[in-house]
Structure formats: structure tokens, C-alpha cells
Colleague: 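Would you mind keeping the following structure in view while I ask a few things?
Numbers restart at 1 for each chain; the letters A, B, ... are given by sequence-line order, proteins then strands. Computed from heavy atoms alone, side chains included, the values below leave out hydrogens, waters and symmetry copies.
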Amino acid sequence: DVKVTQSSRYLVKRTGEKVFLECVQDMDHENMFWYRQDPGLGLRLIYFSYDVKMKEKGDIPEGYSVSREKKERFSLILESASTNQTSMYLCASSLCQVTGSDTEAFFGQGTRLTVV
Amino acid sequence: KNEVEQSPQNLTAQEGEFITINCSYSVGISALHWLQQHPGGGIVSLFMLSSGKKKHGRLIATINIQEKHSSLHITASHPRDSAVYICAVIMNRDDKIIFGKGTRLHILP
């Protein structure tokens, strides 16, 4: 019954590597979000997307990019991973409120990324 | 100023105690979630609320839209309830999800 799937639970990457974090949802949701979670700072919005090919910067987009080529998939890209990007990354999705009455959000399990 | 505030930040209680965690928000919302995260674990949605009250087992969540406040209650708490509980709101102006910083709950046996 998994609705939002993140491709990996744990990842270890080297500094300078290009890293792809994948998120797939099977609910035909328009909205998709990427957050990172850090001790004392909580969950902060990196990027979000309201539809295919659309992307918007969140509160902390520096060092990240995203791709939304298909409605069900929202990828977070670390062009050149750095140690300060070691974190837990969370994906979420929801219906657009204009088109749907159900505003419930669904959350992935999270990906714990360690950059060494 | 954080748009979603949770209290307390940390809570330690004895097994069996009644637990209350609070969430206040300052923005217009369409829904509110209570989430649970065990140490080293993923995030699980416990409840989604847009009004009133929901109950699931020993967990009860309430929301007061006029006062912009929600509470999560745990009855007959158990050590396995030890986790971080996070309040998340869906903003009605732009659908963004904003999270509180979480309440770390520790239930002692």
C-alpha cells in the first residue's frame, strides 16, 4: 500500500559525486516536494513542483536542482555532493487544491544520505 | 518567527501516563498532519485533520481551526511510543507543507 516511494533508504556518496534521489508517487498528484531534515532545524523545503516540467525554489535550494519530466516522478539532484549535504531527505506529494477536494499529503520513508 | 510551533520540544514520562503534544500555527491551512518518526526511522503519518477529532487506538488528535491549534494525545503511554512527533500543515494559499520542529517523546518503563 505504499503511495510515495523513495528509491533508497540509505546512501553513501563521495564528495564531488553527482547524486540523484528519486521519488515516485502513484496517486496522480500534481504537487511534489523535497525536504531535508537536520537536528535542531527540522524539515526545510528545498524544491517543489506543481506539475510536470514545473519547479519552484523552496527555502534552501542552493546546491540542489530538480527534475520533473513525468507527473509521478520528482528527482532531487546534487550536482556535486558536499559533506554539508549529509542529511535525511524526505519527499511528499499532494493533490492541487484547485482540482481536488482531498488535501491530504503523503510522505515517503526518507533517504538518509551520507557524503564522505 | 516559525509558522508552526510545537510544544514541548522534549517530553519524558512514565509508562502509562497520558501524553499531550501541542501544535500552533499562524497561517491559513487546508489540513494538518501528525507524523511519527522513530529513532533512525522513516516518517509515518498518524493522522490528517481538517476539523474536529480523530482517534486511532490509543492516539487521539484534535484541531481547533478558529484558534489555529491542534493537540495529539496518547493514552496509556508505552515505551514503544518513544519517538519524535511532528506537526505538519498544508497551507491553503499555495499548498506548501510546513513542519514544526518536532517533539521528542521518551516513555520510561
Colleague: What part of B:Leu49 gets closer than 4.5 Å to chain A, counting heavy atoms only: side chain, backbone, both or neither?
Modeller: neither
Colleague: Looking at B:Gly42, B:Ser45, B:Ala31, B:Ala88, which makes the most heavy-atom pairs under 4.5 Å with chain A?
Modeller: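 Most heavy-atom pairs under 4.5 Å with chain A: B:Gly42.
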Colleague: A:Glu22 versus A:Phe20: any side-chain heavy-atom pair under 4.5 Å?
Modeller: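 A:Glu22 reaches A:Phe20 side chain to side chain.
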Colleague: Using non-hydrogen atoms and a 4.5 Å limit, figure out which bit of B:Gln37 sits close to chain A: side chain, backbone, both or neither.
Modeller: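 Answer is side chain: those atoms of B:Gln37 sit under 4.5 Å from chain A.
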Colleague: Can you tell me which portion of A:Leu43 sits under 4.5 Å from chain B's heavy atoms? Options are side chain, backbone, both or neither.
Modeller: both
Colleague: Do you know which of A:Glu56, A:Arg44, A:Gln37, A:Met88 has the most heavy-atom pairs with chain B at a distance under 4.5 angstrom?
Modeller: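 Of the candidates given, the most pairs with chain B belong to A:Gln37.
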Colleague: So for B:Leu35, is it side chain, backbone, both, or neither that comes closer than 4.5 Å to the heavy atoms of chain A?
Modeller: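 For B:Leu35, the side chain is the part near chain A, not the backbone.
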Colleague: Between A:Arg112 and A:Val12 (side chain of the first, backbone of the second, donor and acceptor by atom type, cut-off under 3.5 Å), is there such a pair?
Modeller: no
Colleague: Looking at B:Leu32, B:Val44, B:Ile86, B:Asn92, which one has more heavy-atom pairs under 4.5 Å with chain A than the rest?
Modeller: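 Ranked by contacts with chain A, first place is B:Asn92.
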Colleague: Is there a side-chain contact between B:Ile19 and B:Ile107, using heavy atoms and a 4.5 Å cut-off?
Modeller: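 Yes, their side chains come closer than 4.5 Å.
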Colleague: Is the shortest distance from a Lys or Arg side-chain nitrogen in A:Asp38 or A:Arg36 to a carboxylate oxygen in the other one below 4.0 Å?
Modeller: yes
Colleague: Check whether B:Val84 gets within reach of chain A through its side chain, its backbone, both or neither, counting any heavy atom under 4.5 Å.
Modeller: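 Neither part; nothing is under 4.5 Å.
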Colleague: Run the salt-bridge test on A:Lys71 and A:Asp28 with the 4.0 Å N-O cut-off and return the result as yes or no.
Modeller: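 The answer is yes: the pair qualifies as a salt bridge.
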Colleague: Taking A:Gln6 for the side chain and A:Gly110 for the main chain, is one N or O donor matched with an acceptor at less than 3.5 Å?
Modeller: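 Yes, the answer is positive, given that a donor and an acceptor are paired below the 3.5 Å cut-off.
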